[in-house]
S.K.: 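For reference, the structure I am asking about is given below.
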Amino acid sequence: MFNLNQQAALGLTQAHLCDFQGRQIEKTIQRDLEQMIQGARKSGITLSLASTFRDFDRQSLIWNNKFNLIRPVFDSHDKPVDMSSLNDAEKCFAIMLFSAMPGASRHHFGTDMDVFDADKVSDDYQLQLNQAEYGEGGPFEQLSQWLETHAERYGFFLPYKHFNGGVAKEPWHISHIERSHFYTGVHSQQLLADALKCSNVAGWPTLVDQLDGIYQRFVTNITPAGN
Ligand SMILES: [Zn+2]
């Protein structure tokens with residue numbers, strides 16, 4: 001039904017990945033990532049990987065747990081959302097502030113990762129990935145500033161650098177410019193609709209029904225490189 005590049009764009013294969021420090025990344029970005037980690041080290045930053053590739057099923061588990069009130073959903077101020085009072089569409093929109101629909105996560109590409117600075121926290125620190133950690137006075141403020149200034153030199157950018165009305169600001173999420181561009185070029189609204197229709201993603205009929213607006217607001221609506 002889907003060719004190999006389409007499967008990669010949707011998180012339905014691992015054929016485009018390689019191992020990197022025990023994690024899976026897209027196989028052509030290894031050298032650029034190594035150089036960025038080395039560059040960060042020279043500035044006293046231990047650029048470490050919290051989360052790299054996630055497949056469609058893993059994203060579905062996260063999504064369904066949030067949709068079914070098993071896992072908390074937070075608003076842009078890191079406050080929990082009362083999901084029990086929301087209808088299906090409202091639940092989907094609340095989740096999409098921080099979690100992509102399965103089939104629409106940039107983590108499917110293997111070119112995107114959530115990073116932190118391992119030397120600024122203890123070994124047993126529970127990473128939250130929230131604004132407090134990466135903002136002023138937080139343990140990863142220096143990393144956040146370094147990425148804003150230097151990531152593009154190494155071929156990476158911050159697709160969620162600014163809140164543009166869709167996904168929240170995510171200063172921890174970086175993306176390989178050239179290779180992620182390849183997968184976003186393969187991805188499309190129709191492809192995503194086809195994948196959702198044969199999935200067990202909670203609320204998928206609502207997502208497919210409203211996909212015109214959702215795709216623009218939450219999938220293509222990133223902060224491009226150079227901004
Ligand atoms: Zn991420």
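This chain uses plain numbering: 1 for the first residue, then up along the sequence. Both ligands and their constituent atoms are indexed starting at 1 by order of listing.
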S.K.: Of Y183, F182, F109, which meets ring-ring contact (aromatic ring centres under 6.0 Å, His included) against H16?
M.R.: Y183
S.K.: Between the side chain of N227 and the main-chain N/O of P224, is any donor-acceptor distance below 3.5 Å?
M.R.: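 Yes; judged by distance alone, with no hydrogens or angles, the pair exists.
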S.K.: Just to verify, what does R54 make a salt bridge (charged side-chain N to carboxylate O under 4.0 Å, His left out) with, not counting sequence neighbours?
M.R.: none
S.K.: Run F163 and S76 through side-chain contact (heavy atoms from CB on, under 4.5 Å) and show every step you take.
M.R.: CA-CA 10 Å; F163 176 63; S76 57; over 6 Å; no
S.K.: With distance as the sole criterion, is a donor-acceptor pair present between the side chains of S199 and W204 under 3.5 Å?
M.R.: no
S.K.: Any link between F93 and I95 through a network of hydrophobic side chains (Ile, Leu, Val, Met, Phe, Trp, Tyr) touching at under 4.5 Å?
M.R.: yes
S.K.: Which N, O or S atoms belonging to the protein are less than 2.8 Å from the Zn ion (ligand 1)?
M.R.: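 Those protein N, O or S atoms (cut-off: under 2.8 Å from the Zn ion (ligand 1)) are H107 NE2, D114 OD1, H173 ND1.
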